[in-house]
Amino acid sequence: MRRFQASVFSKKGFKLRIMAVGASGTGYRTFLNALCRKTIFEPEIDDPAKAHLPKPLEIKPYETEIVENGIHVVLTILDACNFGNGIDNSHCFDEILNYIEKQFDNVLVEESRIKRNARFIDTRVHALLYFIYPNGHTLSELDLVAMKRFSKRVNVIPVIGKADSMNETELASFKQAVMTCLNENEVEYYNFPYDVEEDDDSVVEENKYLQSLLPFAVAGSTEQREVNGKMEWVRDNSWGTVILGQSTLSDFTTLRTVLLHSHLHALKLYTQDVLYETYRTERFSEAPVPVVLPDEQGFIQPPILHSTVEHKDENINPKTKNLEVNAKPDSDVKAPSSIVEALPETNVLTDSAKAPLTSLN
Amino acid sequence: MSANDTVQLNGYVGFDTITSQINRKLILRGFQFNVMVVGPSGTGKSTLINTLFSTHIMNSSGRDNIDEPIRQTTEISVISKVIQENKVQLRLNLIDTPGYCDQINNDKCWEPIIKYIRDQHALYLRRELTAHREKNIPDTRVHCCLFFIRPTGHNLRPIDISVLKRLSEVVNVVPVIAKSDSLTIDERLAFKQQIREDIAKHGIHLYPYDLEDMDESERSLNAAVRNIIPFAVVGSEKTVMVNGKPTRGRQNRWGIVDVENENHCEFVYLRNFLIRTHLQDLIEMTACVHYERFRTKQLLALKEQSSSQVPSTAGTNTNTLTLAQKEVTKQAQTAA
């Protein structure tokens with residue numbers, strides 16, 4: 001007889017979905033390759049004839065598994081290609097925000113079903129690594145606006161890419177400048193929150209330390225070499241060798257541990273308990289009155305969502321610019337018919353919508 | 001001078017001292033060199049200029065704290081300094097372009113730059129056409145534009161290509177890879193190759209130019225320079241000790257980058273090219289190629305306009321000249 005193994009302790013590993021956003025040249029792809037210890041992103045061969053053409057922003061998913069030393073993570077990396085590379089970058093933010101909110105919408109609809117899909121795959125983004133170009137002065141306007149907008153919907157972890165181009169003093173002052181800029185502009189990046197009363201001392205210490213390290217300064221590499229008897233990821237220059245793994249030299253190892261080990265669950269919990277709930281509240285409270293009243297057939301229309309949602313597979317649509325994005329749902333627009341069809345006849349929203357009727361009005 | 005004209009001399013005349021006579025005059029007058037730096041914030045423009053001229057002349061125009069307002073457009077700021085070496089006086093005009101490529105929407109961020117370059121040509125032309133013109137017209141035309149490229153390792157971005165195209169039509173452009181110590185040697189070679197292909201594919205005409213009347217040695221020198229373009233440089237104003245000798249460099253956690261070491265970066269080549277071999281050529285090319293092109297266009301347009309208008313009188317010299325000056329200013333403003 002075959003033995004069925006309980007899948008409670010996920011043999012497949014913990015799932016983590018992170019998005020990587022950075023202009024080309026910040027080194028984020030090389031960093032991600034180093035993070036996963038394998039080449040996920042091949043070096044791009046760019047066609048010179050097409051160099052002057054603007055490339056649209058695309059979000060491409062890559063899945064990989066990391067198994068080592070007590071870490072077993074199924075990591076999905078969402079690469080936001082061509083962010084900030086155009087002449088006019090004012091539309092870059094919307095594409096990414098739409099994507100993140102769409103994943104929330106998927107969960108929102110799924111939660112609203114009476115009969116939920118047991119195999120529903122949660123595609124919410126747990127963390128967004130925002131790569132800052134080390135220009136040595138302060139945050140550029142693009143970076144600031146981007147992080148401010150993204151941090152409302154996702155855990156934004158600011159990262160300085162190609163940090164090996166700066167020496168210690170420059171890096172320290174740049175980090176300071178970036179943090180001052182973020183704090184003064186009230187950007188809610190993920191700052192390793194802790195509760196002094198509830199958490200262990202060690203957890204408090206750890207989070208305080210991580211707060212002081214922000215933004216993480218990393219460098220990536222594509223080469224491994226033996227250094228002092230150990231295989232290390234290195235960057236060889238004519239004046240010296242950068243060894244990525246040494247935590248005294250760059251924050252690479254710390255960030256890796258944070259993402260894959262120590263704060264994996266914290267990031268997911270924060271996404272679920274705070275960011276998603278905030279989004280959910282916002283969606284329901286901005287729904288206009290017709291949503292609450294039943295129509296002629298007795299259906300309560302669900303809140304207007306961004307796109308048609310299929311309840312089966314992951315639906316990552318990189319070309320989100322084809323979709324109409326309405327920040328406030330139009331009261332005349334009904335929910336797409338496929339949502340109504342997917343939902344059973346008696347809508348679970350009926351009961352929950354009746355109760356707060358008075359408070360919504 | 002054809003072979004038939006040359007005559008053999010029977011004794012030493014001494015007109016070969018004309019070179020030293022010219023030399024003396026020129027040294028008395030002094031030289032003028034105008035350099036513009038174009039590049040996104042944080043690419044090390046001011047540091048490179050200070051390293052090139054071995055003195056602190058330019059202050060960084062980057063935003064160092066958030067209290068400074070974000071520039072909404074490209075600004076032009078000019079610093080004028082005089083430096084002297086062995087009795088030769090050089091008046092430097094350093095033109096900085098803070099705010100270039102710093103906004104979210106960088107459309108048309110190059111326009112103030114092109115306008116400035118054209119304005120200097122227009123100013124010179126106006127002074128040339130004045131009836132009583134100065135003996136030595138002050139030359140504010142931009143002789144060289146250092147274009148800073150971020151060391152991304154990929155190919156040129158659409159904005160870089162767009163701006164390079166426009167700049168190379170009005171000024172001598174020398175592309176430079178900034179902060180190149182963030183690239184390994186292999187990455188640097190691949191990046192340079194990529195950039196050269198991009199430049200070739202888009203028909204961008206960079207300095208140095210080969211003119212018809214150049215001889216073999218000049219052409220080969222230009223070819224050698226073209227092989228190194230774009231220059232991968234590192235700038236530093238700080239002095240570090242390398243093998244007991246003080247030199248300018250960057251002290252990193254992993255080693256010391258020596259600015260003057262040819263194996264570390266190409267600063268030495270850039271410096272030699274810009275200052276020791278092609279300084280005079282840059283000034284000359286600006287006058288012969290870019291200024292002439294501008295002048296021809298302006299005067300032709302002027303001629304067309306004045307021939308289409310009905311001349312009120314027989315047109316005295318002063319009338320046409322003032323008309324020319326007004327036209328030149330107007331054309332420069334509309335063309336920019």
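Below, chain A is the first sequence line, B the second, and so on; all start at residue 1. All values below were derived from every heavy atom in this structure, side-chain atoms included, with hydrogens, water molecules and symmetry-related copies excluded.
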* **chain B interface, residue from A/Asp164, A/Leu144, A/Thr26 that has the most non-hydrogen pairs under 4.5 Å** => A/Asp164
* Among B/Asp186, B/Ile185, B/Thr184, which has the most heavy-atom pairs under 4.5 Å with chain A? -> B/Thr184
* Which value, rounded to the nearest 0.5 Å, describes the distance between B/Asn105 atom CG and A/Asn89 atom CG? -> 8.0 Å
* Structure fact -> Looking only at B/Asp258, B/Ile256, B/Val234, the option with the highest number of non-hydrogen pairs under 4.5 Å against chain A is B/Ile256
* chain A contacts, top residue of B/Ala200, B/Gly255, B/Ala178, B/Pro158 (heavy-atom pairs, under 4.5 Å) -> B/Pro158
* Asked: In terms of heavy-atom proximity below 4.5 Å to chain B, should A/Phe174 be classed as side chain, backbone, both, or neither?
  -> neither
* Can you measure from CG (B/Leu183) to OG (A/Ser165) and round to the nearest 0.5 angstrom? => 9.5 Å
* Is it the case that more than 12 heavy atoms not belonging to B/Asp210 sit under 6.0 Å from its CG atom? -> yes
* To do: Using non-hydrogen atoms and a 4.5 Å limit, figure out which bit of B/His202 sits close to chain A: side chain, backbone, both or neither.
  => side chain
* Asked: Can you tell me how far the CD1 atom of B/Ile161 sits from the CD1 atom of A/Ile87, to the nearest 0.5 Å?
  -> 9.5 Å
* Gap separating the CG atom of A/Asp88 from the SG atom of B/Cys109, nearest 0.5 angstrom -> 11.0 Å
* Contacting moiety of A/Gln176, where chain B heavy atoms sit under 4.5 Å -> neither
* Heavy-atom closest contact (A/Gly25 atom, B/His154 atom, distance) -> N-CD2, 3.8 Å
* **Side chain, backbone, both or neither of B/Pro151 within contact of chain A (heavy atoms, under 4.5 Å)** => both
* Structure fact -> With chain B, the option among A/Ser24, A/Ala219, A/Ala23 that has the most non-hydrogen atom pairs under 4.5 Å is A/Ser24
* Asked: Which atoms form the tightest heavy-atom contact between B/Gln103 and A/Glu141, and what is the distance?
  -> CA-OE1, 4.0 Å
* Gap separating the NZ atom of B/Lys179 from the CG atom of A/Asn135, nearest 0.5 angstrom -> 6.5 Å
* Structure fact -> Interface check, chain A: of B/Arg157, B/His264, B/Glu197, most non-hydrogen pairs under 4.5 Å belong to B/His264
* To do: Check whether B/Ile104 gets within reach of chain A through its side chain, its backbone, both or neither, counting any heavy atom under 4.5 Å.
  => both
* Approximate separation, where rounding is to 0.5 Å, of B/Asp181 CG and A/Lys162 NZ -> 11.0 Å
